[in-house]
Asks: 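Dropping the structure in here first, questions after.
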Amino acid sequence: MSGAPARTLLLWCPDWPVLAAEIVDGVPATDPVAVLHANRVVACSERARAEGVRRGLRRREAQGRCPQLTVVDHDPARDARAFEPVVAAVEEVVAGVEVIRPGACALAARGPSRYLGGEEAAAERIVEHVAQTCAVESQVGIADGVFAAGLAARDGRIVAPGGTPEFLAGLPVEALSRPTLTDLLRRLGVRTLGGFAALPAGDVLARFGFDGALAHRLAAGRDHRPLAVRQPPADLTVTADHDEPIDRVDAAAFAARTLAEQLHERLAAHGLACTRLGIEAVTAHGQELHRVWRHDGLLTAAAIADRVRWQLDGWLSGSNGRGGARPARPTAGIIRLRLVPDGVLAQAGLQPGLWGETGEERERAHRALSRVQGILGPEAVVTAVLGGGRSPADQVRLVPWGDERLPARPGPPPLPTAGPPSAAAAPEQAVSTRSRAAVPVPPWPGRIPPPAPAVVLPTPLPAAVHDAAGEPVVVSARLTVSAAPARLTVGTGRPAEITGWVGPWPVDERWWAPAEARRRARFQVCLADGAALLLAVEGGQWLVEAIYD
C-alpha cells in the first residue's frame, strides 16, 4: 500500500435516484420528489430541498415540511438500469469506464487529458456529450484517487496534481460516509479530514481497526484501492455458453447467479476477493458488450450476482434515457457470458468456523438450497427477516434465499443468520446499513409485548368471546371492556374456559389512508387446557391471530 494515487476523473450525476425514477417510472424530477429507503429519505429533488426536505428525514417529517411531496421507493436495480445510457455515452468519448455506483462512474484521467487537450477540456467534453446524448446534467471532478475525485465532483472542481491532501484537509469527517466512525471522531474532537489524517497511522489502526485505517488513508489523500489491487491470473475468469440465446431478464438473472457462484468459489480457492468486476457478453449476431463495476469493499457471491443481473437488465431491457436517448440494445439474445475479476485483493480470515458459519458446511448448505431454487423457483426457499410492526404478522417478512435481507418495516437490527451474506449488495446499500445501525428503533406504540407467539396464522380464525353470564364481550371506542372474558369459541368448535387474560392493546393504523386504515384491539388469553392465544377484535368481530407455545 505505497505509491501515489493515479489521477482519476469521476463523473457524478446529482440526485440520481430521483432522475432514475423520472427515466423509468415517469416521476417528474422538477416536482418535489423524495426517494425513501427504510422510511428515511436517501435522495430528494432540488425543489424538495427548497421546501426543507433533507436526507435522513423520516417520511412523516419530510411530508410535514412539504405536503405536496411525491414519495418513491428506493430501487437500486432501477437506478442501475437507468444509468446504462449515461455510461454508454461516456464510453463514446473515452474508454475504460468503471461504474462505481448508479449515478457515478470513473476512469483514469491521463488518457483523456492527453487526447482531448488537457483535464479541463476533457471534463467539459464529457459533460457536454452526456447532456446532449442523454439530457442528463452531470459534474466532473478530477483529483488523485477515486475518493478525492468523488468529493471534487460535488463542486465540479479539478484539484491540481499533488494538491489532494490540501483539498481534503478542510472537509468535514462526514465526507468519509462512515456514520459510526464519524460520530466517534466528533466526540473525540476530530472534526476535519485534515485533523484525522494528522493522527498517527499505528494509533488509528489500534483504535479503529482495519476499516478505520483505510478511512485514515483516504483522509490523507492516499487512495488504497489502486495501490492494493493487482492483476489476477488468467484462470480466474469464468465463462458460460448458452445454446439458447438469452433475451429475457429473468433467464439472465438465473444465469448471473450461477456464474457468480462459480467465480466466487474460484476466487475463494485462491484466497482472493473481488473489488472490480468486468462483465462481458456476446450475442448470437456476434455483438460484444462490456462493462466494469467497482465496489468499495469486497464483492460477495450475492453482490456479484446482483451487479451481473443489473447489467444484463440494462442491456436487455433497452430502457429509454432522458431526451429519447437509448443504449445500444443487443440485436439478438446473449449466447456467452463472461465474468472477469479485474481487481482482486488477498482475502484473510477464510478458515472454517467452529459452527460452520464461514466454513464448508455453510457453503454446502448454500449450494444445496440454491439448487432447490433452480429446480422449483426462487420462492421455494425462503428465510424469515425480523423487523418492526405492531402485530406478529407485520414483524416477519419471508425473503427468498440469496436475496437481500431487509425488513418490511424498520425495527431492531437483524440477527446473524446462516443465509448468504448479501447485505453488501451495493455500495450505497452498505452505507445505508451502517447508517441504520445508529438510528433509534421506532417505538411502535401498541406493539404486543414479548414473548412472541410460536405460530402466526396466515388467515385469522373467527371466534366468539362471552362473559360468565353468556353475554358477548364488547370493547367500546374508549377501549372499555364490557365484562371479563370467560369463554372462547373458535369457529364451530366447543367453548373453552378462559382462565386468564390481559389487554387491550389498541391499534389505530394509517388513519390518513382510508383504504388501508385499521382500528383494532388485541388481547392475550390463557385457556383451561393450557393453551395461550393472541386475540383481536375489529369492527365487533373477534379473531384468533396467533398461538403461543
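Only a predicted model underlies this, so the values are computations on that prediction, with no experimental measurement involved.
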Asks: Distance only, no hydrogens: is a donor on one side chain within 3.5 Å (strictly under) of an acceptor on the other, for W501 and Q524?
Replies: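 W501 vs Q524: no donor-acceptor pair found between side chains.
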Asks: So, taking the atom named CZ in R58 and the one named CG in N39, what distance separates them when rounded to the nearest 0.5 Å?
Replies: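 Between R58 CZ and N39 CG, I get 6.5 Å after rounding to 0.5 Å.
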Asks: Take E51 and R65 through the side-chain contact (heavy atoms from CB on, under 4.5 Å) test and state the conclusion after the steps.
Replies: CA-CA 6 Å; E51 298 289 338; R65 295 187 181 186; 5.8 Å; no
Asks: Could you tell me whether the side chain of L185 reaches within less than 4.5 Å of the side chain of L181, counting heavy atoms only?
Replies: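 Yes; the side chains approach each other to less than 4.5 Å.
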Asks: Working to the nearest 0.5 angstrom, can you tell me the gap between L535 CG and L488 CG?
Replies: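 With rounding to 0.5 Å, CG (L535) is 5.5 Å from CG (L488).
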Asks: With side chains defined as the heavy atoms from C-beta onward, is the minimum distance between T489 and R494 less than 4.5 Å?
Replies: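 A side-chain contact is absent here, since even the closest heavy-atom pair is not under 4.5 Å.
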Asks: I want to check something: taking the side chain as every heavy atom from C-beta on, are L527 and L533 in contact at a cut-off of under 4.5 Å?
Replies: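 Answer yes - side chains close enough.
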Asks: Could you check whether any side-chain heavy atom of V382 comes within less than 4.5 Å of a side-chain heavy atom of V399, counting everything from C-beta outward?
Replies: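 Not touching, per the 4.5 Å side-chain cut-off.
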Asks: Got a second to check how far L339's CG is from Q311's CD, nearest 0.5 Å?
Replies: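 Answer for the CG-CD pair, L339 versus Q311, is 11.0 Å.
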Asks: So, using salt bridge (Lys or Arg N to Asp or Glu O under 4.0 Å) as the criterion, who are the partners of D508 when residues are at least two apart?
Replies: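 Here the qualifying residues are R519.
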Asks: For residues 459-471, which side-chain N or O atoms pair as donor and acceptor with protein atoms under 3.5 Å away, sequence neighbours left out?
Replies:
| from | atom 1 | to | atom 2 | distance (Å) |
| --- | --- | --- | --- | --- |
| D467 | OD1 | A469 | N | 3.1 |
| D467 | OD1 | G470 | N | 3.0 |
| D467 | OD1 | E471 | N | 2.7 |

Asks: For the residue pair G212 and F196, what are the closest heavy atoms and their distance?
Replies: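 In terms of heavy atoms, the two residues are closest at O-CZ, 3.8 Å.
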Asks: Not counting sequence neighbours, which residues clear salt bridge (Lys or Arg N to Asp or Glu O under 4.0 Å) with E497? List them please.
Replies: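 For E497 there are no salt bridge (Lys or Arg N to Asp or Glu O under 4.0 Å) partners, ignoring immediate neighbours.
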Asks: On a heavy-atom basis, which atom in I246 and which in A255 lie closest, and how many Å separate them?
Replies: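 Scanning both residues, the minimum pair turns out to be CD1-CB, 4.0 Å.
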Asks: Hey, what do you get for CD (E538) to CZ (R520), rounding to the nearest 0.5 Å?
Replies: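 Taking CD in E538 and CZ in R520, the distance rounds to 4.0 Å.
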Asks: Tell me, do L534 and V544 make a side-chain contact under 4.5 Å, heavy atoms counted?
Replies: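 Side-chain contact under 4.5 Å: no.
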Asks: Would you call R257 and E261 a salt bridge, taking side-chain N to carboxylate O under 4.0 Å as the test?
Replies: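 So R257 does not pair with E261 through a salt bridge.
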Asks: Excluding sequence neighbours, so at least two apart, what forms salt bridge (Lys or Arg N to Asp or Glu O under 4.0 Å) with R78?
Replies: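 Expected list: D25.
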Asks: Shortest non-hydrogen contact from F83 to P102?
Replies: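 Scanning both residues, the minimum pair turns out to be CD2-CA, 4.0 Å.
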Asks: So, does T182 use its side chain to make a donor-acceptor pair with the main chain of R178 at under 3.5 Å?
Replies: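 Flag set: sc T182 to bb R178 pair under 3.5 Å.
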Asks: For a quick test of reading the model, state the closest non-hydrogen atom pair linking A240 to L259 and the distance between them.
Replies: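 Looking at all heavy atoms of both residues, the shortest contact is CB-CD1, 3.7 Å.
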Asks: Would you call I547 and P453 a side-chain contact if the rule is heavy atoms closer than 4.5 Å?
Replies: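 A side-chain contact is absent here, since even the closest heavy-atom pair is not under 4.5 Å.
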Asks: Which residues satisfy the side chain to side chain contact (heavy atoms under 4.5 Å, CB included) test with D203, sequence neighbours excluded?
Replies: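 Per chain and number, D203 pairs via side chain to side chain contact (heavy atoms under 4.5 Å, CB included) with P200.
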Asks: For R248, check side-chain hydrogen bond (donor to acceptor under 3.5 Å, both in side chains) against everything at least two apart and list the hits.
Replies: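 With sequence neighbours excluded, R248 shows a side-chain hydrogen bond (donor to acceptor under 3.5 Å, both in side chains) to D250, given in chain and number order.
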Asks: Show the nearest heavy-atom pair for residues L312 and A256, with the distance to one decimal.
Replies: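 Closest approach of L312 to A256: CD1-CB, 4.4 Å.
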Asks: Give the C-alpha distance, both sets of side-chain angles, the deciding distance and a yes or no for side-chain contact (heavy atoms from CB on, under 4.5 Å) between W293 and V308.
Replies: CA-CA 9 Å; W293 281 79; V308 179; over 6 Å; no
Asks: Using side-chain hydrogen bond (donor to acceptor under 3.5 Å, both in side chains) as the criterion, list what pairs up with D73, not counting sequence neighbours.
Replies: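 D73 satisfies side-chain hydrogen bond (donor to acceptor under 3.5 Å, both in side chains) with no residue once adjacent residues are dropped.
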Asks: Using the test side-chain hydrogen bond (donor to acceptor under 3.5 Å, both in side chains), find all partners of R59 that sit at least two apart in sequence or belong to another chain.
Replies: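 Here no residue qualifies.
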Asks: Is atom CD of Q68 surrounded by more than 12 heavy atoms (other residues, nucleotides or ligands) closer than 6.0 Å?
Replies: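 Yes, because the 6.0 Å sphere around CD of Q68 holds more than 12 heavy atoms from other groups.
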Asks: Taking side chain as C-beta onward, heavy atoms only, is I100 less than 4.5 Å from W12?
Replies: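 When only atoms from C-beta onward are counted, W12 and I100 do not touch, as no gap falls below 4.5 Å.
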Asks: Testing the basics here: between A215 and L176, what is the closest heavy-atom pair and its distance to 0.1 Å?
Replies: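 Closest heavy-atom pair between A215 and L176: O-CD2, 3.8 Å.
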Asks: As a quick check of understanding, evaluate side-chain contact (heavy atoms from CB on, under 4.5 Å) for L263 and L277, giving each step before the final call.
Replies: CA-CA 10 Å; L263 176 61; L277 175 67; 3.7 Å; yes
Asks: Where the side chain of T192 meets the backbone of L171, is there a donor-acceptor pair that is under 3.5 Å apart?
Replies: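 No: the side chain of T192 does not pair with the backbone of L171.
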Asks: Check whether any side-chain heavy atom of V381 sits under 4.5 Å from a side-chain heavy atom of P400, and report yes or no.
Replies: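 Not in contact.
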Asks: Hey, could you give me each pair passing ring pair (Phe, Tyr, Trp, His ring centres under 6.0 Å) that has a residue in residues 527-549? Not counting sequence neighbours.
Replies: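 Output for this query lists F523-W542.
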Asks: Ring of W310, cation from R81 - is the NZ or CZ under 6.0 Å from the centre and inside 45° of the axis?
Replies: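 Judged by the rule (NZ or CZ under 6.0 Å from the ring centre, within 45° of its axis), R81 is not positioned above W310.
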Asks: Start with the C-alpha distance between R40 and L57, add both sets of side-chain angles, then the distance that settles side-chain contact (heavy atoms from CB on, under 4.5 Å), and finish with yes or no.
Replies: CA-CA 5 Å; R40 288 187 178 272; L57 290 181; over 6 Å; no
Asks: Ignoring hydrogens and geometry, is there a side-chain-to-backbone donor-acceptor pair from W16 to D79 under 3.5 Å?
Replies: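 Flag set: sc W16 to bb D79 pair under 3.5 Å.
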Asks: Measuring from atom CZ of F147 to atom CG of L214, what distance do you get when rounded to the nearest 0.5 angstrom?
Replies: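 Going from CZ on F147 over to CG on L214, the span is 11.5 Å.
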Asks: Between R309 and D313, is there a side-chain N and carboxylate O pair less than 4.0 Å apart?
Replies: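 D313 and R309: not salt-bridged.
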Asks: In a check of salt bridge (Lys or Arg N to Asp or Glu O under 4.0 Å) between E174 and each of R55, R186, R191, which one passes?
Replies: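 Only one option passes, and that is R186.
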Asks: Return a table of donor-acceptor pairs under 3.5 angstrom between the side chains of residues 41-50 and protein atoms on other chains or two or more places apart.
Replies:
| from | atom 1 | to | atom 2 | distance (Å) |
| --- | --- | --- | --- | --- |
| S45 | OG | D31 | O | 2.8 |
| S45 | OG | V33 | N | 2.9 |
| S45 | OG | A48 | N | 3.4 |
| R49 | NH1 | D15 | OD1 | 3.0 |
| R49 | NH1 | D15 | OD2 | 3.3 |
| R49 | NH1 | C44 | O | 2.9 |
| R49 | NH2 | D15 | OD2 | 3.0 |

Asks: Mind checking side chain to side chain contact (heavy atoms under 4.5 Å, CB included) for A206 and listing every partner two or more places apart, or none if nothing turns up?
Replies: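 Result, side chain to side chain contact (heavy atoms under 4.5 Å, CB included) vs A206: none returned.
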Asks: Measure the CD1-CD1 distance between I304 and I279 for me, rounded to the nearest 0.5 Å.
Replies: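 It comes to 9.5 Å.
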Asks: With sequence neighbours excluded, tell me which residues meet side-chain hydrogen bond (donor to acceptor under 3.5 Å, both in side chains) with R207.
Replies: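 R207 satisfies side-chain hydrogen bond (donor to acceptor under 3.5 Å, both in side chains) with no residue once adjacent residues are dropped.
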